[in-house]
Amino acid sequence: MSRIFVTGGSGRLGRSVVAGLAEAGHKVISVDRDAIPAEQLPAGAEQYAADLLAPGEAERLIRETAPDAVIHLAAIAVPFSAPEDVIFSTNTRLAYAVVSAATDAGVPRIVTASSPTALGYGSPAGWLPPSFPLNEQTPPKPWNAYALSKLIAEQTVQMFAAAQGNKIRYAAFRPCYVISPEEWEGALTQQGHTVRERLQDPALSAPALFNYVDARDVADFLDVLLEKMDAIPNGQVFFVGAKDALATAPLAELFPRFLPGSGPLTGHLTGTSPAFSIDKARELLGWEPKRTWRTELTPPYEGEDTAASEQAALNDEIPSGLIPAGATKETP
């Protein structure tokens, strides 16, 4: 069991991270400007209401609570939800304040949240990557203050890793479009639509490239990451997403409609294949997401799902027992 200090613990992702880590047996210290009602706090967690941008506040709380690990989630979490200079200043200052305070206190494991938006998709000037699926080698091209602030958060932990060597372990992760447990049951998602509406109208999910992740899978990822940070290279960045796309048709069909010029790059995204690769997390950490919209949506989706049908057909093309070496046969 570890003592884990989580900033932004009252947020959409933070609540699931706090609950998931507490359920895994950790002692969790949740810190946010706004506390949640005490009865909603899971067993094994405690919370502090604090402004981490106040001078010395992050350092005071980290030294007072003496955690074994720090997970930094606190940020203005929605692009363009505040003036650009406010988003940039708030998010970059928070990342530096928390990571610096944790480093000064000698916390051995420090993780910060980034964002897939650092890659730059959705740019009004147009955007195409070198290839799909997108991964940690895809060049970042942020075009707004939120995306830039998240890239700087990654660079902040990498800067400290460069200065500290292996005395302290650092990492960053890019969670895809987060869906919290209540949103599977009809609560509005971050952009004001339900999950069901995003499935029924591909134009709603297209700006995020049809990516998503269950918040509880993010909590599971962080539990595994903290356990294995000593065994992987320092300062790593990971994409954290579902193993499928938030779409009822293959992305090979959808992308040419919503991302001009992408057809030659996305023709292989057949079946339920997502736009973002999570292979790095699989290979370095052994992490695998447990949840998909097909298993979590309540009530289940009853419309046409050609992506799953195509994936089943593709899997059936390989006779049982004749899977090529190194390949896996997954059920969508």
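- Heavy atoms of other residues, nucleotides or ligands lying less than 6.0 angstrom from NZ of Lys141 number 12 at most.
- The cluster map of Ile, Leu, Val, Met, Phe, Trp and Tyr, joined by side-chain heavy atoms under 4.5 Å apart, puts Leu246 and Phe276 in different clusters.
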Can Arg109 and Ile4 be said to form a side-chain contact (heavy atoms from CB on, under 4.5 Å), step by step? CA-CA 9 Å; Arg109 291 166 292 168; Ile4 304 175; over 6 Å; no
May I have the step-by-step check of side-chain contact (heavy atoms from CB on, under 4.5 Å) for Leu128 and Ser262, ending in yes or no? CA-CA 7 Å; Leu128 281 176; Ser262 65; 3.9 Å; yes
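- Tracing side-chain contacts under 4.5 Å through hydrophobic residues (I, L, V, M, F, W, Y), one reaches Val240 starting from Ile71; they form part of the same cluster.
- Residue Tyr170 is tested with Thr103, Asn234, Thr112 for a side-chain hydrogen bond (donor to acceptor under 3.5 Å, both in side chains); the sole match is Thr103.
- Taking the ring centre of Tyr177 as origin, the terminal cationic atom of Arg198 falls inside the region bounded by 6.0 Å and 45° from the ring axis.
- Residues Asp223 and His26 bring a donor and an acceptor atom of their side chains to less than 3.5 Å of each other.
- Linking ILVMFWY residues whenever their side-chain heavy atoms come closer than 4.5 Å, directly or via other members, leaves Tyr212 and Leu134 in distinct clusters.
- Ion pairing between a basic and an acidic side chain is recognised when a charged N comes within 4.0 Å of a carboxylate O; Arg216 and Glu23 show no such pairing.
- Transitive grouping of hydrophobic side chains (ILVMFWY, heavy atoms separated by less than 4.5 Å) keeps Phe173 and Ile152 in distinct clusters.
- The residues Arg174 and Glu136 are annotated as not salt-bridged, no charged nitrogen and carboxylate oxygen being separated by less than 4.0 angstrom.
- Classified by interplanar angle (parallel below 30°, tilted 30° to 60°, perpendicular above 60°), the ring pair Phe210/Phe255 is perpendicular.
- More than 12 heavy atoms of other shown residues, nucleotides or ligands fall within 6.0 angstrom of atom CZ in Arg60.
- A 6.0 Å sphere centred on OH of Tyr96 holds no more than 12 heavy atoms belonging to other residues, nucleotides or ligands.
- Put simply, Ile110 and Leu21 are part of two different groups of oily side chains (I, L, V, M, F, W, Y) that touch within less than 4.5 Å, one to the next.
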Check against side-chain contact (heavy atoms from CB on, under 4.5 Å), Phe238 and Leu285: CA-CA 10 Å; Phe238 295 92; Leu285 303 175; 4.0 Å; yes
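- Nearest approach of Cys176 to Val213, heavy atoms of both residues: O-CG1, 3.5 Å.
- The aromatic rings of Phe80 and Trp143 lie tilted to each other, with the angle between the two planes from 30° to 60°.
- Annotation: side-chain hydrogen bond (donor to acceptor under 3.5 Å, both in side chains) contacts involving residues 158-169, sequence neighbours excluded, comprise Asn166-Arg169.
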side-chain contact (heavy atoms from CB on, under 4.5 Å) for Met229 and Gln236? Distances and angles first, verdict last. CA-CA 9 Å; Met229 283 178 76; Gln236 294 298 298; over 6 Å; no
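- Of the possible donor and acceptor atoms, one in the side chain of Thr194 sits under 3.5 Å from a partner among the backbone N and O of Glu197.
- No donor-acceptor contact under 3.5 angstrom links the side chains of Arg294 and Thr272, judged on distance only.
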